[in-house]
There are 2 protein chains.
Amino acid sequence: MEHLLNDMALFVEVVKAMSFRRAANATGVPNSTLSRRISALEKGIGLRLLHRTTRKIELTEAGQLYYERCKRIVEEARLAHEQLGEMLAQPSGVLRASLPVDFAVTFLAPLMPEFSSRYPGITFDFDLTPRRVDMVSEPFDVAIRMGESQDSNLIARQLARLPTYLYASPRYLELSGEPSEPTDLEQHECLNILKSGEWTLHKETQMTKVSVGSKFVINSVAMIRRLATLDMGIILMPKEIVADDLDNRRLRRVLPEWQGSPASVYAITETRLLPAKTRCFIEFLSEHLDKLCISTQY
Amino acid sequence: MEHLLNDMALFVEVVKAMSFRRAANATGVPNSTLSRRISALEKGIGLRLLHRTTRKIELTEAGQLYYERCKRIVEEARLAHEQLGEMLAQPSGVLRASLPVDFAVTFLAPLMPEFSSRYPGITFDFDLTPRRVDMVSEPFDVAIRMGESQDSNLIARQLARLPTYLYASPRYLELSGEPSEPTDLEQHECLNILKSGEWTLHKETQMTKVSVGSKFVINSVAMIRRLATLDMGIILMPKEIVADDLDNRRLRRVLPEWQGSPASVYAITETRLLPAKTRCFIEFLSEHLDKLCISTQY
DNA sequence: TTTAATTATGCCATTTATGGATTAATTATT
DNA sequence: AATAATTAATCCATAAATGGCATAATTAAA
């Protein structure tokens with residue numbers, strides 16, 4: 001009793017084909033179903049729409065009237081879906097993203113000129129407030145997170161695994177001595193994001209874990225990096241973050257044979273049913289950050 | 001995967017209520033169904049339409065766009081159905097009927113002034129060609145038939161059972177003698193529709209059958225009646241048919257204690273799903289012919 | 001007139017959707 | 001801060017729709 005809308009579409013098909021059978025062939029809906037659905041529609045309305053003879057069908061007066069209306073309605077519905085399809089295919093609209101400021105400044109900013117010119121229809125609304133994984137209540141299209149963000153019922157796609165390296169300022173190393181083995185780090189001030197107590201280091205096939213300590217608990221990469229340039233300790237992070245400091249010799253690499261566990265970058269969305277703008281953004285980031293990984297891996 | 005059209009309507013309801021629960025209350029569709037149908041719609045389109053939190057829902061960009069389209073489409077569909085509903089309720093249009101000429105002249109014609117003024121929106125297309133029960137191929141809204149017309153898969157509604165009486169011209173009775181018992185009829189020229197050989201006669205609780213013969217096989221009531229007025233035999237028919245002849249003394253009743261089996265009048269339609277014009281016509285005939293039956297029964 | 005072809009519908013086993021109660025989760029209230 | 005209340009999503013037994021096949025009925029062709 002509530003299939004009226006869909007039956008309308010079937011009715012339009014039958015009338016267009018002027019035959020149940022041809023409509024069945026055209027639509028893939030079996031003729032038994034067509035026949036039953038049209039009958040149900042007629043009963044639902046209370047009027048016969050088609051005069052059926054075994055050889056051909058004709059519209060009744062009511063059917064003629066109804067068809068004219070239905071044709072338009074079904075057509076408009078098709079257009080509505082197509083329009084949404086374009087939204088799926090043609091990236092446009094406002095892209096609302098929540099990102100860590102350090103990721104935005106270091107990785108995203110350099111990619112924006114190309115992205116923006118490739119997808120001129122997209123405008124941007126970036127929120128760099130740290131850690132806001134509300135996603136469900138906040139109207140973000142996507143959030144970028146670094147580290148392991150395993151929030152339940154959110155979709156996390158890994159964009160990159162950035163290799164990390166150890167850095168310190170020349171003056172810090174002068175004062176505290178340069179470590180020559182990973183275990184030496186336990187005697188040093190190791191500035192870490194949050195208060196985790198263990199760094200995993202790799203050298204070719206070797207792997208070792210060192211528990212590291214620090215006076216600081218800080219949730220800002222920029223601040224940790226700034227402290228490192230002020231000779232406050234050793235840091236472990238992707239080289240891109242400290243590229244400037246390396247150029248200016250404010251920092252230099254420590255234990256250059258060793259590297260830390262890659263820092264994962266995730267794009268987090270509330271659903272997999274994404275509009276084109278979001279899909280393109282994530283895809284673009286994934287491609288370009290992947291390149292970055294490969295180019296710096298070795 | 002093919003419920004898109006109906007899900008559109010549900011989506012509109014949910015958005016109007018801005019809540020699955022309220023939409024469920026408003027529409028009677030359980031919220032579990034709403035939830036599943038909206039999800040199916042989103043998967044079908046490939047885009048999320050609603051941002052759901054446990055406390056409230058919001059439209060996504062795509063949802064906003066889609067809603068504006070859907071609202072209009074659903075509204076138009078509702079209007080289309082209402083318009084057809086009016087067709088059901090407000091009798092109008094051309095009424096195409098096939099009727100026996102004798103029925104039309106004798107019974108229908110006198111009723112037409114009242115019917116026509118009660119339903120001014122109806123115009124008429126009467127076909128008085130004898131016996132055309134095509135119905136399915138011919139675009140008749142209704143056919144009136146007298147006698148027993150038990151055509152399969154056509155809907156026959158009995159409009160009246162008209163009592164029949166025996167009539168003959170005074171001169172015929174002079175020449176052939178006046179029957180005093182039903183069995184006397186077997187010696188007379190009994191003019192009959194078609195070539196049936198038996199008349200069933202009633203007198204209060206008595207019933208008797210007489211086999212009757214005639215030189216004629218005729219399928220026209222008018223012709224039989226004309227022959228009777230020309231002293232050619234005895235006829236058995238409703239009194240209304242011969243009312244004029246009775247007034248003019250061209251015919252008078254024979255065996256006045258006896259009457260024949262009632263002649264049934266049927267309205268035959270192809271379907272029960274009738275537009276108002278047809279329903280009103282049949283209803284009107286039924287009422288007025290019924291009155292006729294009762295008034296003449298005794 | 002007979003034959004063949006075409007079409008809508010009835011039937012029934014299978015697939016699919018439904019709906020009431022439960023669950024998980026979040027907001028408003030105390 | 002903790003509780004209560006409200007809401008959307010999930011589960012599963014039941015109900016309904018589907019689709020392939022057979023049938024009836026009719027027209028076109030032979």
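Numbers restart at 1 for each chain; the letters A, B, ... are given by sequence-line order, proteins then strands.
- Distance, B:L10 CG to C:dG19 P: 10 Å, rounded to whole Å.
- The CG atom of A:L50 sits 14 Å away from the C1' atom of C:dT7 (whole-angstrom rounding).
- Computed from coordinates, the A:E42 CD to C:dA8 P distance equals 13 Å when rounded to whole Å.
- Electrostatic pairing of B:R52 and A:E270 does not count as a salt bridge here, judged by no charged N lying under 4.0 Å from a carboxylate O.
- Rounding to whole angstrom units, CZ of residue B:R37 and P of C:dG19 are separated by 11 Å.
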Mark up nucleotides 3-10 of chain D, 5' to 3', with B wherever a protein heavy atom is under 4.0 angstrom from a base atom, S wherever such an atom reaches only the sugar-phosphate, and - elsewhere. ---BSSSB
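- Counted by atom type alone, B:R145 and B:S98 present one or more donor-acceptor pairs between their side chains at under 3.5 Å.
- At the phosphate of D:dG19, OP1 or OP2 sits under 4.0 Å from a side-chain N or O atom of A:T33.
- When the P atom of C:dT26 is taken as reference, atom CD of A:E270 falls 12 Å away, rounded to whole Å.
- Between B:E42 and A:R272 there is no salt bridge, since no side-chain N of the basic residue sits under 4.0 Å from a carboxylate O of the acidic one.
- The CG atom of B:D7 sits 14 Å away from the C1' atom of C:dT16 (whole-angstrom rounding).
- Taking a 6.0 Å sphere around CE of A:M223, one finds it holds 12 or fewer heavy atoms contributed by other residues, nucleotides or ligands.
- At a threshold of 4.0 Å, the pair B:E75-B:R72 does not count as salt-bridged, since none of the basic side-chain nitrogens sits closer than that to a carboxylate oxygen.
- Classification of the A:Y67-A:F11 ring pair by plane angle, with boundaries at 30° and 60°, yields perpendicular.
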